[in-house]
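Residues take their numbers from the sequence shown, with the count starting at 1. Counting starts at 1 for both ligands and their atoms, following the listed order.
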Amino acid sequence: MTIDLEALYIDLHRHPELSFQETRTAGIVAQHLTDLGIEFEEGIGKTGVAAVIRNGDGPVVWLRADMDALPVEERTGLEYASTARGIDPAGTDVPVMHACGHDMHVTAMLGALERLVATKDEWAGTIVTVFQPAEEHGAGAQAMIADGVFDRFPKPDIVLGQHLTPLPAGTIGVRPGTQMAASDGLTVTLFGRGGHGSRPHSTIDPVVMAAATVMRLQTIVSREIDPRDVAVVTVGSIHAGLKNNIIPAEATLELSLRYPDDAARERVLEKVERIVRAEAAASGSVVPPTIVTDHTLPPTINDPVATTRLTHAFNTAFGTGTVVDPGMFTGSEDVSWFAREAGVPLVYWFWGGIDPEMFAEAKASGTLESAIPTNHSPFFAPVLHPTIEVGVDALVVAAREFLETGGSGSIEE
Ligand code: ZN
Ligand code: ZN
């Protein structure tokens with residue numbers, strides 16, 4: 001290995017960058033790609049980087065890693081903890097931390113590319129690697145697609161990616177079918193008629209309208225969705241009014257919706273719209289409410305055939321029992337856009353970064369939920385080893401499995 005992956009990870013961790021601002025990270029990626037002699041283009045979808053290794057006839061395998069960090073103040077106490085700050089889209093100065101492990105994703109990907117370049121005589125085909133910006137905004141994949149990544153690079157036969165998660169280091173979590181939920185972020189604006197707080201009869205009160213709407217929206221999951229199905233309807237923000245004696249003219253709600261598939265998505269969206277309109281009508285509102293979609297993330301659905309094949313390859317490479325079914329996550333990802341756009345299979349897996357002993361103790365004492373910091377926590381602190389090594393090996397095993405002479409399962413140096 002010529003890339004010092006531990007040093008690379010620590011450097012990335014110390015210098016996290018917010019979504020669509022990953023210029024330093026992209027520069028480091030570009031430097032390593034140059035050193036490895038890999039052809040690449042920068043600035044795709046603002047700060048994205050895409051690279052290609054052409055190695056004769058064979059399948060085109062896309063590997064994806066995301067690069068962005070979060071507005072979180074790191075509290076891990078680690079020697080290499082981030083003290084970085086950044087400016088968020090609202091113009092506010094915020095702390096920045098790699099609290100979701102995307103620094104580990106970039107590190108593992110560069111380690112894997114180095115290995116794949118060094119073993120080019122053992123495989124054939126094409127590897128396209130996407131270093132994606134702004135996953136945390138759910139916008140980076142679409143930005144790269146809109147910027148022509150599919151025209152500028154060979155189209156995939158399969159898309160592969162991985163995410164760090166609070167499983168024990170050395171463990172891989174993957175399941176066929178829905179791995180992560182679909183999600184929509186909506187802004188609902190309710191229009192009333194403003195006036196004096198002492199004369200409610202002359203107004204249409206949007207505060208009451210908003211309150212009734214929030215309560216009624218809760219009945220979607222509790223009363224309308226089959227209890228065996230998964231759905232989430234969260235109203236994460238509600239804003240109306242400035243003063244106690246003024247009835248405001250409007251109210252806004254921000255909703256986060258989650259579902260396992262496109263059919264469930266349509267059903268929940270239809271119910272949200274029906275309730276919002278009906279509550280406005282019930283309040284006597286004369287201006288219909290507006291519902292704006294701020295972002296849409298598709299479900300992350302693992303192709304059953306490819307996932308079964310890869311699970312077998314992982315168990316062969318790492319030892320039987322390495323792969324567990326982590327269940328469906330209600331979190332969402334934008335990696336699927338690449339596979340959906342190309343109409344090809346996706347396999348997206350999770351790999352553990354928690355000290356196995358710490359994980360076992362927490363499990364034994366029933367404190368798994370409280371003792372193990374999850375992604376987005378200010379205490380999120382994956383152990384460096386064997387997390388880095390397993391992340392590299394998993395990408396190499398997966399890429400090799402779907403390339404022309406793949407399936408060797410070899411993870412030796
Ligand atoms: Zn995240
Ligand atoms: Zn993430």
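Atom CG of residue Asp103 and atom CD of residue Glu17 lie 11.5 Å apart, to the nearest 0.5 angstrom. Between the OG1 atom of Thr76 and the CD atom of Glu79 there is a distance of 10.5 Å, given to the nearest 0.5 Å.
Coordination check, His376 versus the Zn ion (ligand 1): passed, since an N/O/S atom of the residue sits under 2.8 Å. Taking backbone and side chain together, Glu135 holds no N, O or S atom under 2.8 Å from the Zn ion (ligand 1). Put simply, Cys100 gets within reach of the Zn ion (ligand 2), with an N, O or S atom under 2.8 Å from it.
Applying the 6.0 Å contact sphere to NE2 of His376 captures more than 12 heavy atoms from other residues, nucleotides or ligands.
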Notebook entry, point to check: Could you walk me through whether Val230 and Tyr259 pass the side-chain contact (heavy atoms from CB on, under 4.5 Å) check?
Noted result: CA-CA 6 Å; Val230 178; Tyr259 3 71; over 6 Å; no
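Atom OE2 is the N, O or S atom of Glu136 at the shortest distance from the Zn ion (ligand 1).
Between the NE2 atom of His102 and the NE2 atom of His163, the angle centred on the Zn ion (ligand 2) amounts to 110° when rounded to 10°.
For the pairing with Phe314, the ring pair (Phe, Tyr, Trp, His ring centres under 6.0 Å) check across Phe350, Trp349, Trp351 returns one residue only, Trp349.
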